[in-house]
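Position 1 is the first residue of the sequence, and the numbers go up from there.
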Amino acid sequence: MIRILLAILYISPAVFAQQAKETETLLPESKRIFTLEQRTDKKTQAARKDPTKRSKVEEITYVIRMPASWTIAKDEKAKETKTPCVRGVLAICTWKKQPDALKAILTSGESNFQHYLDFADANNLAVITWSNFGGYVIGTSSDEMQKDMAKQYDKIFNDRLSEWEQGFRRVLNKYTLPRNSIMIYGFSGGGQIAHRIALRKPQYFSGVHIHVNSSYDVPTPNAKNILWLVTTGELEYGYQAATRFYQKMLDLGYCVIFKAGENLGHATNPQIKKLSMEFFKYLITFVPDPSNPEWEAPPIDKFYLMRYPIYIGDYLNQVAYPTKEAVSKVAHRKFMVALPTKPIADAWGVVIEK
């Protein structure tokens, strides 16, 4: 017994040291937030008009927040093995441009997007945001423009997009983050940026939620492999544009959930937030987890329950029905919205069942 006790006492320091290394003390949030700038020689609009401001350029700032479970040791191992230590990435796009404002988006206690930060921590996700780099008209959709004007703005946005992509790839490489199946949320001007990026660079994304855009680009066939949630308000300036965008997406074979909040203008509300959370909870089920070698893909893909939904929403009347009943209850197919799960249906609106 004494020998056993001595042996335990002898090996304990080594064991405890190994355990301490493996369970490194979790870092405070301030140590998990990083900033990266993508510099460019392109001048700001103000600088182009005023020669005295020629030093100002349209830099794009990226702010990255690692999840609560992230540690320096995990990061070093990820860089060594080139295998991410986080499950995935959630991007948040807003209208903000300044570094301090961008950092506040990802800082607990300051952020208006705390529910997304909590979701990221619960699911081992890195969160990233970046400067709103413009290239769009706030209140005019592409299908409302003359062809020459639409072509001009398409060129402007694509030019800025190339700068964004360079910086984005730098972020993914520097912090060893997953390079696809990224989830993205865009609010207001951020929604205008987010959906334009996703339409042109769908290879990076698994799902997109955009809210109160006010203007919309024209959907492209190559972005239908992304799952979409498009929300707005019945009183929002871009409501009609949003409904046209939704119909065009359906015409191209997109899997998309559409919701217009009742009596809602250019803002959000608890219902939209809940719907967004249920959307991302559903989506993450299908996001591969490179940090977990035992992860297995579900037996169905993320589109199956969208193609064969158990509920159908009537966005004109803000109610949902079981699919069989919706055929006779909803006035027209163009008002129908596929709702793949009960939690999503309950968040979307009142579910009327027999």
Student: Taking the six-membered ring for Trp, are Phe245 and Phe258 ring centroids under 6.0 Å apart?
Tutor: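 Centroid distance Phe245-Phe258: not below 6.0 Å, so no.
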
Student: Kindly give the heavy-atom pair with the smallest separation between Gly88 and Pro178, and that separation in Å.
Tutor: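 Gly88 and Pro178 have their closest heavy atoms at CA-CG, 3.8 Å.
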
Student: Is it true that the side chains of Tyr311 and Glu353 contain a donor and an acceptor less than 3.5 Å apart?
Tutor: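 There is such a pair (donor and acceptor under 3.5 Å, judged by atom type) between the side chains of Tyr311 and Glu353.
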
Student: Whether the Ser214 and Glu236 side chains hold a donor-acceptor pair (N or O, under 3.5 Å, no angle test) is what I'd like checked.
Tutor: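 Short answer, yes.
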
Student: Does the side chain of Tyr204 come under 3.5 Å of the side chain of Arg169 through a donor N or O and an acceptor N or O?
Tutor: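 A pair is found: one side chain offers a donor N or O, the other an acceptor, under 3.5 Å apart.
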
Student: For Glu144, is there an ion pair with Arg244 - N to carboxylate O distance below 4.0 angstrom?
Tutor: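 The answer is yes: the pair qualifies as a salt bridge.
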
Student: Kindly give the heavy-atom pair with the smallest separation between Phe113 and Ser111, and that separation in Å.
Tutor: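 Looks like N-OG, 2.8 Å.
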
Student: Just checking, any donor-acceptor pair under 3.5 angstrom between side chains of Asn222 and Thr220?
Tutor: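 Indeed, the side chains of Asn222 and Thr220 share at least one donor-acceptor pair under 3.5 Å.
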
Student: Above 12 or not: heavy atoms from other molecules or residues under 6.0 Å from NZ of Lys248?
Tutor: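 Count over threshold, so yes.
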
Student: Ring pair (Phe, Tyr, Trp, His ring centres under 6.0 Å) with Tyr282: which of Phe280, Phe279, Phe286?
Tutor: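 Exactly one pass, corresponding to Phe286.
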
Student: Determine the minimum heavy-atom distance between Asn132 and Gly134, stating which atoms define it.
Tutor: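 Smallest interatomic distance, heavy atoms only, reads OD1-N, 3.1 Å.
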
Student: Do Asp118 and Gln114 have a side chain donor and acceptor closer than 3.5 Å?
Tutor: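 There is such a pair (donor and acceptor under 3.5 Å, judged by atom type) between the side chains of Asp118 and Gln114.
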
Student: For residues 320-345, pull every pair meeting salt bridge (Lys or Arg N to Asp or Glu O under 4.0 Å), keeping only residues two or more places apart or in separate chains.
Tutor: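 Of all non-adjacent pairs touching residues 320-345, those that pass salt bridge (Lys or Arg N to Asp or Glu O under 4.0 Å) are Lys342-Asp346.
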
Student: Can you tell me which residue pairs pass the salt bridge (Lys or Arg N to Asp or Glu O under 4.0 Å) test with a partner in residues 273-295, sequence neighbours excluded?
Tutor: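 Salt bridge (Lys or Arg N to Asp or Glu O under 4.0 Å) check on residues 273-295 returns Glu278-Lys281.
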
Student: Would you mind listing every salt bridge (Lys or Arg N to Asp or Glu O under 4.0 Å) that reaches into residues 176-205, with sequence neighbours excluded?
Tutor: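 Of all non-adjacent pairs touching residues 176-205, those that pass salt bridge (Lys or Arg N to Asp or Glu O under 4.0 Å) are Asp154-Arg200, Glu165-Lys201, Arg196-Asp217, Arg200-Asp217.
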
Student: Which label fits Tyr304 and Tyr308: parallel for a plane angle under 30°, tilted from 30 to 60°, or perpendicular past 60°?
Tutor: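 Plane angle between 30° and 60°, so tilted.
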
Student: Side chains of Glu262 and Gln271: donor-acceptor distance under 3.5 Å anywhere?
Tutor: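 Gln271 and Glu262 do not have a side-chain donor-acceptor pair below 3.5 Å.
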
Student: Answer yes or no: is there a donor N or O on one side and an acceptor on the other, between the side chain of Arg87 and the main chain of Ile284, under 3.5 Å?
Tutor: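 Answer holds: yes.
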
Student: Centres of the Phe34 and Trp70 rings: under 6.0 Å?
Tutor: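 Ring-ring flag for Phe34/Trp70: true, centres closer than 6.0 Å.
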
Student: Minimum heavy-atom separation for Lys224 and Leu252, please, with both atom names.
Tutor: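 Smallest interatomic distance, heavy atoms only, reads CD-O, 3.3 Å.
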
Student: State whether a side-chain donor-acceptor pair under 3.5 Å links Ser188 with His211.
Tutor: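 Side chains of Ser188 and His211: no pair found under 3.5 Å.
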
Student: Decide whether Thr35 and Lys103 meet the rule of one side-chain donor and one side-chain acceptor closer than 3.5 Å.
Tutor: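 There is no such pair between these side chains.
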
Student: Of the non-hydrogen atoms in Trp228 and Ile210, which two are nearest, and what is the gap between them?
Tutor: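 Here Trp228 and Ile210 meet closest at CZ3-CD1, 4.4 Å.
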
